[in-house]
Amino acid sequence: TDPATPAGELVSQPGWLTTPLTIRIGGVAADVAFAGLVSSGLYQFNVTVPDVPDGDQSVVADIGGFRTQETAFLTVQTH
């Protein structure tokens with residue numbers, strides 16, 4: 001896990017990722033407010049959605065050089 005957690009130990013408090021992280025929404029880098037392990041096996045990413053067009057936008061994470069596939073989408077609607 002990242003941050004490192006001893007085998008068999010439950011996560012007692014959130015911990016920031018130690019690996020470099022980039023989140024892109026609609027191909028545009030998002031500002032990351034928090035990225036880390038929040039409980040055993042559960043990671044959370046809090047970001048500010050960048051200025052992208054309305055509609056379904058792909059969400060891609062690049063963590064330490066490993067990129068997720070473009071299979072997650074976020075529907076953006078501005079006011």
Side-chain angles (χ1 to χ4, degrees):
T1 60
D2 181 1
T5 304
E9 185 176 305
L10 295 177
V11 174
S12 60
Q13 61 185 15
W16 282 84
L17 285 177
T18 57
T19 305
L21 167 79
T22 303
I23 302 284
R24 292 189 172 279
I25 298 174
V28 179
D31 290 330
V32 179
F34 174 79
L37 185 64
V38 293
S39 68
S40 297
L42 180 64
Y43 288 87
Q44 178 176 314
F45 306 107
N46 296 6
V47 301
T48 301
V49 176
D51 187 18
V52 294
D54 287 354
D56 292 339
Q57 302 295 332
S58 63
V59 178
V60 176
D62 187 315
I63 304 170
F66 295 94
R67 183 171 291 169
T68 62
Q69 296 179 359
E70 292 188 32
T71 56
F73 292 87
L74 173 72
T75 300
V76 176
Q77 181 178 0
T78 57
H79 296 282

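Counting only residues at least two apart or in different chains, salt bridge (charged side-chain N to carboxylate O under 4.0 Å, His left out) contacts with residues 32-41 are absent. Legend: salt bridge (charged side-chain N to carboxylate O under 4.0 Å, His left out) pairs involving residues 55-72, not counting sequence neighbours, sorted by first then second residue: D62-R67. The salt bridge (charged side-chain N to carboxylate O under 4.0 Å, His left out) analysis of residues 28-55, with sequence neighbours excluded, yields no pairs.
Hydrophobic clustering of Ile, Leu, Val, Met, Phe, Trp and Tyr side chains at less than 4.5 Å, counting indirect connections, keeps V47 apart from V60. Transitive grouping of hydrophobic side chains (ILVMFWY, heavy atoms separated by less than 4.5 Å) keeps V76 and F73 in distinct clusters.
A pairwise comparison of heavy atoms in I25 and V52 identifies O-CG1, 3.4 Å as the closest pair. Nearest approach of A30 to P50, heavy atoms of both residues: CB-CD, 3.9 Å.
Scanning for ring-ring contact (aromatic ring centres under 6.0 Å, His included) contacts around F34 gives W16, with sequence neighbours left out. In this view, T71 satisfies the side chain to side chain donor-acceptor pair (under 3.5 Å) rule with no residue, not counting sequence neighbours.
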Apply the test side-chain contact (heavy atoms from CB on, under 4.5 Å) to residues F45 and L21: give CA-CA distance (whole Å), side-chain angles for both, the deciding distance (0.1 Å), then the verdict.
CA-CA 10 Å; F45 306 107; L21 167 79; 3.7 Å; yes

